[in-house]
Structures are given as C-alpha cells and as structure tokens.
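Below: one structure, written as structure tokens.
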Amino acid sequence: MQLTEEWQYIIILLAFFIFVSISLNIVMLKKFVKAKEQLDAPSFNIETFPSLQAMELHTKNHIYTDINIPSALIFLATNCPKCKSKITMLEKLAVHAQLNGVSLHILLHEQMENIGSFFAQSTLTRLIWQLNYSDYKSVNPHEISPAYLFINENSEVEGQGMIDDENWRYFKQQILGEKN
C-alpha cells in the first residue's frame, strides 16, 4: 500500500506537532519542578543577622537584637494554624536550648494580630522579639512561617529553612538529646 503525497505531508506535520508538544511539556515540567524547589527551600537572603531595635513582648522593653551566642530565630505568624501547632514543641525546645547554650527567640512584627491569644498560656512570650514591620521584612522578606534562622555567635546565618525540615529535625535531636 502506497501512501499518497498528501498523506505523507499530514503524517510529517503530525509528527512535528507531537514533537513540539512533547518538548513544550518537558520545558513546562522543568519549570514546575524548579518553582516547587524554590517554594520548598525558603530563602531569607541575608548572610549576617543585623542588629535591629525590637520590643521584648513580656517586659515591653526596647532592645537591640545583637546576637553574640548561637541562636535559633523562629518566625511564626499568628494567623497560621501550622505555626500554632508548633507552640508545645517550641516550649520544650526552648528549655533545652537554654541548657545547651543556644538562645531561642521568636520574631513577630507589630502588625500581627491576636498575639496575646495566639500565645495564651505559653511560656514562649518571654522569648518574643517584636520588630517593626519594615525591619521584619528586611530579615524575612517573604514572611515565611513557620521558619527558622540559625545564627552563630558572630551574627552569621549558618542555616535556614522551614520548621520540620531535615536541618530543623537534626537541630531538635541535638538539643533534646534524641536518637535517630
């Protein structure tokens, strides 16, 4: 059976369009994977944690966020149910962190609502540094939460990510003395 010239052109065009379609799908899949990786790996875009003016929520004293001991800075949002679910774990971690020479602070900003009810009955209020909104955005530009920054005694960022990621779990195991 001999294909007519017209059918040969149709088959060639079909093959071409299938090839273009598959190529575009591969390109789109690569872009989706890259976008997902960027969402999964938050970036605070800072190398050194700056000294910022903050208010200690429990004393209402104004302080500077000078970091001179290893610290874990925690970013929570008061409108985030996942953040609320971390409070009990953070309370336990805060006690052990202090015993291990690690300072733990929670960073909030002045525009967050319901801070009192979010932290009701929690011992974490003594660890809250409330920043003005522009300073908060300078260290957490995408308002990522629940997230963390690990800062060394020279105010250098040594780690960052989302609470419960692999680095966080390792930190938690070290502070709580847990085994794998």
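The first residue in the sequence is number 1, and the count goes up from there.
Remark: Gln111 CD is packed, more than 12 non-hydrogen atoms of other residues, nucleotides or ligands lying under 6.0 Å away.
You'll find the side chain of Val102 reaches within 4.5 Å of the side chain of Phe171, heavy atoms only. Thr48 is not listed as a side-chain neighbour of Val157, based on a closest heavy-atom distance of 4.5 Å or more. You'll find the side chain of Gln130 reaches within 4.5 Å of the side chain of Ile115, heavy atoms only. At a threshold of 4.5 Å between non-hydrogen side-chain atoms, the residues Lys172 and Leu93 count as touching.
Only one option out of His58, His105, His109 pairs with Trp129 in a ring pair (Phe, Tyr, Trp, His ring centres under 6.0 Å); it is His105. For the pairing with Gln160, the side-chain contact (heavy atoms from CB on, under 4.5 Å) check across Asn140, Ile144, Leu149, Asn167 returns one residue only, Leu149.
Hydrophobic clustering of Ile, Leu, Val, Met, Phe, Trp and Tyr side chains at less than 4.5 Å, counting indirect connections, unites Leu104 with Leu176. Note: the hydrophobic cluster containing Met89 also contains Ile175 (ILVMFWY, side chain heavy atoms under 4.5 Å, direct or indirect links). Note on Val95: it does not cluster hydrophobically with Leu124, by side-chain heavy-atom contacts below 4.5 Å among ILVMFWY residues.
Glu156 and Asn152 get closest at one heavy-atom pair: OE1-ND2, 2.7 Å. Between Asp135 and Gln53, the shortest heavy-atom distance links the atoms OD2-O, 4.1 Å. Taking all atoms of both residues into account, the shortest heavy-atom contact from Ile46 to Ser138 is CG2-O, 3.9 Å.
Here CG of Leu90 is found 9.5 Å from OG1 of Thr123. Values are rounded to the nearest 0.5 Å. For the atom pair OH (Tyr136) and CG (Leu108), the distance works out to 7.0 Å, reported to the nearest 0.5 Å. Considering CD of Glu113 and CG of Asn79, their distance stands at 8.5 Å, rounded to 0.5 Å. How far OG of Ser134 is from CD of Glu110: 7.5 Å, rounded to the nearest 0.5 Å.
Under the salt bridge (charged side-chain N to carboxylate O under 4.0 Å, His left out) criterion, no residue pair touches residues 17-26, with sequence neighbours excluded.
With sequence neighbours excluded, the residues that form a salt bridge (Lys or Arg N to Asp or Glu O under 4.0 Å) with Lys86 are Asp164. Taking Glu143 as the reference, Lys137 meet the salt bridge (Lys or Arg N to Asp or Glu O under 4.0 Å) condition, with sequence neighbours excluded.
A distance-only check finds a donor-acceptor pair linking the side chain of Thr59 to the backbone of Asn61 [under 3.5 Å]. The main-chain N or O of Phe118 is found under 3.5 Å from a side-chain atom of Lys84 such that the two form a donor-acceptor pair. For the pair Asn114 (side chain) and Ser117 (backbone), a donor-acceptor distance under 3.5 Å is absent.
Aromatic ring pairs are classed by plane angle as parallel below 30°, tilted from 30° to 60° and perpendicular above 60°; the pair Tyr148 and Trp168 is tilted.
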Side-chain donor-acceptor pairs of residues 17-26 under 3.5 Å, sequence neighbours excluded:
from: Ser23; atom 1: OG; to: Phe19; atom 2: O; distance (Å): 2.9
from: Asn25; atom 1: ND2; to: Ser21; atom 2: O; distance (Å): 3.3

Return all side-chain donor-acceptor pairs below 3.5 angstrom for residues 64-77, not counting sequence neighbours, or 'none' if the list is empty.
from: Thr65; atom 1: OG1; to: Pro50; atom 2: O; distance (Å): 3.3
from: Thr65; atom 1: OG1; to: Leu52; atom 2: N; distance (Å): 2.8
from: Thr65; atom 1: OG1; to: Leu52; atom 2: O; distance (Å): 3.3
from: Asp66; atom 1: OD1; to: Ser51; atom 2: OG; distance (Å): 2.5
from: Ser71; atom 1: OG; to: Ile69; atom 2: O; distance (Å): 2.8

Side-chain atoms of residues 3-13: list all donor-acceptor pairs with protein atoms under 3.5 Å, sequence neighbours left out, distances to 0.1 Å.
from: Thr4; atom 1: OG1; to: Trp7; atom 2: N; distance (Å): 3.4
from: Glu5; atom 1: OE2; to: Tyr9; atom 2: OH; distance (Å): 3.4

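Glu91 and Thr88 share no side-chain donor-acceptor pair at under 3.5 Å. Judged by distance alone, the side chains of Ser103 and Gln98 never bring a donor and an acceptor atom under 3.5 Å apart.
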